[in-house]
Amino acid sequence: MLKEKKWDKSFEEEILKDWEKDWEKLYGFSNQKKLRLDELYSIDTPPPYANAPIHIGQASAYIWKDFFVRYQRMKGKKVLFPLGIDRNGLPIEIAAEKKFGISAHEIPREKFLEYCRKILKEASDISTKDFKRLGITYNSYEKGKNAWNVYYTDDEEYRALTQASFIYLYKKNLIYEDVKISNYCPRCRTTIADAEIAYEEKPTYFNYVKFKVKETNEEITVATTRPELLGACKAILFNPEDKRYKHLEGKHAVIPLYEREIKIMAHPIAEVEKGTGLVMMCSFGDYMDILFFREQKLDPLVLINKEGKMNEHSGFLAGLKIKEAREKITKELEEKGFIEKREKTTHKTPVCERCKEDLEFIEMKEFYLKQMDFLKDLRKLQKEIRFFDEKSRNILENWIDSVSMDWAISRRRFYATEIPIWYCKKCNHTIIPEQKKDEIKYYQPWKEKPPVDKCPKCGSKEFKGEQRVFDTWFDSSISVFFLASRLAKTTDFEKIKEYLPFTLRPQGKEIIRTWLYYTLLRVFQLTGKKAFENVWVNYHILVKKGEKMSKSKGEKIEPSKIIKKFGAEAFRLWSAVEGNLHKTDFIISEKKIAAEEKFLIKLWNISKFISKFEWKEVEKFDEKNLVETDKWFLAELEKVRKKIDVSFSTYNVYRATTELRHFAWEYFASHYLEMVKKRAYNTENKFGKNDCLSAKYALHKSLQTILKMLYPVIPFITYKIYKEIYGKNICLEKFPEKIGVESKIKAGLEEVSQFNSKVWNMKKEKGVSLKEGISNIEIPENLRFMEKDLREMHNLS
RNA sequence: GGGCCUGUAGUCUAGUGGUUAGGACAACGCCCUUACAAGGCGUUGGCCCAGGUUCGAAUCCUGGCAGGCCCACCA
């Protein structure tokens with residue numbers, strides 16, 4: 001018998017304590033020795049950032065992952081549900097720079113890393129508390145070296161594996177160093193990859209700048225948003241079809257202020273309609289410029305240095321920051337009469353995804369990982385992966401189709417994995433560490449000596465360590481490989497391979513082009529295999545229609561506040577029934593979360609009612625003796641059970657939960673329970689003993705089945721009810737097996753509920769209260785088998 | 001400019017050719033009924049628009065309109 005009058009969110013705390021005592025037994029992953037691969041359900045979970053509390057969208061997404069794993073455990077799988085904390089890269093560095101008011105490039109490296117570690121120390125575990133409170137059952141919240149312990153992406157063993165993968169690929173000639181025009185962030189002072197570019201709508205000016213044609217002395221006007229690059233201008237183009245400028249072909253223009261002569265050329269990339277129809281080509285204002293310089297084999301004249309400032313080639317602008325230079329040259333041009341007019345405009349500017357600074361195109365020498373040669377393989381490979389939902393595959397396919405150059409993997413930053421290379425100071429020979437397959441090491445070339453005494457080429461003993469680090473996606477993209485290596489308990493790639501593919505990669509749609517794409521690429525390059533069987537892509541929780549949750553807007557709805565207000569369970573239920581997270585964004589509302597508590601109360605009351613009848617009394621009841629009504633209901637329940645099982649196994653928790661909730665509330669509580677109530681009580685002895693026992697047995701059997709099926713979604717309440725009524729831990733129960741009760745009755749649940757509604761409506765029309773009797777009601781032919789129950793229920797005469 | 005996705009009651013969402021278009025919130029009416037008034041029962045209300053395919057379209061096709069995302073460009 002349930003003691004408490006109703007479900008209360010305060011019970012959750014005690015329940016968590018119960019679980020915590022037995023965490024390993026309930027949710028752990030410690031019996032690896034007997035692990036069979038066909039029993040393994042492995043997930044490569046997205047590591048949340050160490051220095052940011054989780055937001056509500058993440059909370060929902062991780063809750064969904066918990067739905068999956070709780071279900072899989074019930075199905076007998078050994079579930080590897082690891083937790084990683086992402087601690088690498090720019091977000092940490094930027095946080096450190098901000099907090100301590102320093103610039104990474106201006107203080108000693110060791111010192112800066114200390115500041116980063118300080119940030120990380122304060123930040124640690126900021127999100128795991130919320131996860132645990134939400135009932136998310138990672139295998140462990142303790143940091144350690146076992147597969148099921150929390151891992152940090154800046155662990156030495158993780159970084160060592162990243163470096164080992166680099167060495168492996170370098171030796172396979174998949175990595176090369178080259179000077180190319182790169183996307184360069186002047187704020188972070190590093191090259192970034194195409195996948196790290198974002199675009200922002202920013203206000204700027206079109207400046208209509210007057211040039212003089214040397215040969216004819218006429219004036220021509222070119223519009224530009226980048227006047228500071230005037231000095232880097234190498235050509236002015238017009239469209240071959242443009243009659244206005246045809247006569248300028250082959251002539252020369254004089255750059256104002258710089259007085260340099262440049263060619264005027266006809267070229268199809270110039271469009272008649274845009275600006276004045278004339279466009280200047282500078283090194284390098286945008287991607288078109290790069291293509292043009294490459295095509296014409298022009299020597300670029302670069303005006304911007306690696307600090308994001310104008311260099312000596314820019315003449316009077318030298319030393320200024322780009323924006324200052326833009327202002328200064330505009331003023332200068334205006335004063336000297338070279339500006340015809342200025343127009344305000346906005347345009348989408350490529351910015352650094354991390355720090356939002358405007359990007360520049362600068363020629364840099366960087367390490368590249370070959371990816372162009374693998375696009376074909378990846379297109380094929382992704383077809384062998386199952387996507388939930390199928391439409392998310394498009395995002396990946398589109399990205400694969402738009403990859404246009406190899407991946408620049410080196411970064412000029414600090415708190416990241418170092419590139420494990422040394423150079424001979426004398427002959428510049430490259431030293432790459434040799435290592436055994438199962439004995440890898442973490443290298444820090446900027447402060448360590450190389451693993452050789454002397455240069456194998458020239459014998460010199462003087463070396464220089466590589467200063468650069470890896471793009472953090474180069475680390476992140478082997479998370480699954482790292483987890484597999486923990487399972488394999490070795491760093492031998494051949495053995496790691498056996499644990500791939502993992503069963504599931506759950507992740508957000510916004511990191512398909514990075515995390516998912518790079519992982520597939522990297523795992524394929526390292527093992528020739530696909531990384532995952534299934535990819536589950538979650539969409540977003542929105543504040544309003546079409547409006548993303550964003551910190552800057554001040555509309556943050558924090559998980560901790562939601563938990564405090566409504567409890568974890570109501571939030572879990574809301575996450576499951578508000579919409580199908582892998583199909584659509586959905587909109588959060590406190591009202592709806594609060595409303596989910598109603599079902600919890602309902603479930604509690606149903607259970608409280610059934611708990612009035614001792615389970616012990618009917619535990620041994622022989623199903624052969626079930627009366628027709630009960631057989632019929634259990635057979636209906638079996639139909640539902642089957643559907644729910646399929647929905648859960650295909651990650652459609654939305655469908656499973658809404659269907660289950662409706663069944664429990666509508667058919668089970670409102671109809672079946674009302675129908676058999678009198679028979680179960682049997683206070684006036686109108687029914688035989690077997691009839692009474694049959695009702696009690698069917699009620700308990702139904703309740704057990706429903707509780708178990710609800711457990712993956714709402715584990716707190718189902719745990720408490722199950723424990724109090726049946727004295728067992730629901731976390732260790734199996735998903736309900738087939739209910740083997742056969743019924744020949746054809747009537748469906750719908751027909752019964754229609755009949756009941758009819759009676760209730762008639763009573764209402766006649767102004768009769770529900771418990772009063774009513775006469776002249778005909779019981780339909782197909783419901784005759786439960787006539788006695790119906791008569792008692794409605795007090796029919 | 002190109003691509004992808006979405007459009008279902010006041011709101012949030014299921015539903016891929018045949019359903020009386022399902023559920024939740026809100027609204028309204030009635031009811032303390034031996035689990036439940038933090039409740040129960042009931043009621044109202046919906047497929048963006050226009051064509052087409054089909055015996056039949058929320059669902060498929062075409063074209064609009066609206067929103068979101070991605071890519072490219074921005075002189």
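Residue numbers begin at 1 in each chain, while the letters A, B, ... track the order of the sequences.
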Seminar exercise, completed: Per nearest nucleotide of RNA chain B, the residue lying toward the 5' end, A/Tyr539 or A/Gln754, is A/Tyr539
Exercise. In whole angstroms, how far is the P atom of B/C5 from the CG atom of A/Asn538?
Worked result: 19 Å
Exercise. Any side-chain N or O of A/Lys583 less than 4.0 Å from the OP1 or OP2 oxygen of B/G15?
Worked result: yes
Exercise. Once you round it to whole Å, what is the distance between P of B/G68 and CD1 of A/Ile512?
Worked result: 19 Å
Problem set entry | Inter-nucleotide P distance (B/C73, B/G17), Å rounded | 41 Å
Exercise. Regarding A/Lys509 and the six-membered ring of A/Tyr539, is the cationic atom NZ or CZ under 6.0 Å from the ring centre and inside 45° of its axis?
Worked result: no
For this session: Ignoring backbone atoms, establish whether A/Asn394 has a side-chain N or O less than 4.0 Å from OP1 or OP2 of B/G3.
Result: no
For this session: For B/U59 versus B/U54, give the span between their C1' atoms, rounded off to a whole number of Å.
Result: 13 Å
Problem set entry | For B/C60, the Watson-Crick or wobble partner whose two distances fall under 3.5 Å | B/G52
For this session: Could you give the distance separating B/G56 and B/C41 at their C1' atoms, to the nearest angstrom?
Result: 37 Å
For this session: Indicate, with a heavy-atom threshold strictly under 4.0 Å, whether A/Thr658 touches base, sugar-phosphate, or nothing.
Result: nothing
Exercise. Considering only the P atoms, how many Å lie between B/G52 and B/A14, rounded to the nearest integer?
Worked result: 31 Å
Exercise. Out of B/C12, B/G22, B/A75, which nucleotide sits closest to the side chain of A/Tyr654?
Worked result: B/G22
For this session: Rounded to the nearest angstrom, tell me the gap between atom CG in A/Leu600 and atom C1' in B/A24.
Result: 14 Å
For this session: Report the nucleotide, chosen from B/G23, B/U13, B/A75, that has the shortest atom-to-atom distance to any side-chain atom of A/Ile587.
Result: B/U13
Exercise. If pairing requires Watson-Crick or G-U wobble contacts with both distances under 3.5 Å, which nucleotide is the partner of B/A27?
Worked result: B/U43
Exercise. Are A/Tyr518 and A/Gln371 close enough that some pair of their side-chain heavy atoms sits under 4.5 Å apart?
Worked result: yes
Exercise. Thinking salt bridges, do A/Arg379 and A/Asp401 make one under a 4.0 Å N-O criterion?
Worked result: yes
For this session: Any strand is fair game: report the nucleotide pairing with B/C74 by Watson-Crick or G-U wobble, both distances under 3.5 Å, or none.
Result: none
Exercise. Please give, in whole Å, the distance from B/U13 C1' to A/Ile588 CD1?
Worked result: 15 Å
Exercise. B/C25, B/U13, B/A37: which one has an atom nearest the side-chain heavy atoms of A/Lys5?
Worked result: B/A37
Listing time: all N or O pairs from protein to nucleotides 38-46 of chain B that are below 3.5 Å?
residue	atom	partner	partner atom	Å
B/A38	N6	A/Lys6	NZ	3.1
B/G40	OP1	A/Lys602	NZ	3.4
B/G40	OP1	A/Trp665	NE1	3.0
B/C41	OP1	A/Ser670	OG	2.4
B/G42	OP1	A/Ser757	OG	2.7
B/G42	O2'	A/Lys764	NZ	3.3

Exercise. Just checking A/Leu237: base, sugar-phosphate only, or nothing, at a heavy-atom cut-off of under 4.0 Å?
Worked result: nothing
For this session: Could you tell me the separation between the OG1 atom of A/Thr584 and the NE2 atom of A/His582, rounded to the nearest 0.5 Å?
Result: 11.0 Å
For this session: Could you pick out which residue, A/Ala595 or A/Leu581, lies toward the 5' side of RNA chain B when each is mapped onto its nearest nucleotide?
Result: A/Leu581
Seminar exercise, completed: In whole angstroms, the gap separating P of B/C69 from CG of A/Asp585 amounts to 9 Å
Exercise. If you round to the nearest 0.5 Å, how far is CG of A/Leu359 from OG of A/Ser182?
Worked result: 11.0 Å
Problem set entry | Span that lies between the C1' atom of B/U19 and that of B/C47, in whole angstrom | 13 Å
Exercise. So, do A/Gln704 and A/Tyr726 sit near enough that their side-chain heavy atoms are less than 4.5 Å apart?
Worked result: yes
Exercise. At under 4.0 Å between heavy atoms, what does A/Lys677 touch on the DNA or RNA strands: base, sugar-phosphate, or nothing?
Worked result: base
Problem set entry | Integer-rounded Å distance: B/G23 P and A/Lys643 NZ | 13 Å
For this session: Measure from OH on A/Tyr651 to C1' on B/A14 and round the result to the nearest Å.
Result: 21 Å
For this session: Calculate the interatomic distance between A/Glu510 atom CD and B/C70 atom P; express it in whole Å.
Result: 10 Å
Exercise. Roughly how far apart, to the nearest Å, are B/A66 and B/A27 at atom P?
Worked result: 34 Å
Exercise. B/U34, B/A24, B/C12: which one has an atom nearest the side-chain heavy atoms of A/Lys612?
Worked result: B/U34
For this session: Mark yes or no: A/Lys210 above the aromatic ring of A/Phe338, with NZ or CZ under 6.0 Å from the six-membered ring centre and no more than 45 degrees from the axis.
Result: no
Exercise. Using the C1' atom in both, what is the distance from B/U8 to B/A21, to the nearest Å?
Worked result: 9 Å
For this session: Determine the contact category for A/Thr225: base if any of its heavy atoms lies under 4.0 Å from a base atom, sugar-phosphate if only primed atoms, P, OP1 or OP2 are that close, otherwise nothing.
Result: sugar-phosphate
Exercise. Using the P atom in both, what is the distance from B/G42 to B/A50, to the nearest Å?
Worked result: 36 Å
Exercise. Taking atom types as they are modelled, is there a donor-acceptor pair under 3.5 Å from the base of B/C12 to the side chain of A/Lys592?
Worked result: yes
Exercise. Reckon A/Glu397 touches a base, only the sugar-phosphate, or nothing at all at heavy-atom distances under 4.0 Å?
Worked result: nothing
For this session: Would you indicate which nucleotide in B/G15, B/A75, B/A24 comes nearest to any side-chain atom of A/Arg655?
Result: B/G15
For this session: Could you tell me the separation between the OG1 atom of A/Thr330 and the CG atom of A/Asn207, rounded to the nearest 0.5 Å?
Result: 5.0 Å
Seminar exercise, completed: The reported gap from CG in A/Asn580 to CZ in A/Phe388 (rounded to nearest 0.5 angstrom) is 11.0 Å
Problem set entry | Base paired to B/C4 (Watson-Crick or G-U; both N/O distances under 3.5 angstrom) | B/G68
For this session: Report the residues that fulfil side-chain contact (heavy atoms from CB on, under 4.5 Å) with A/Lys9, sequence neighbours left out, ordered by chain and then residue number.
Result: A/Glu12
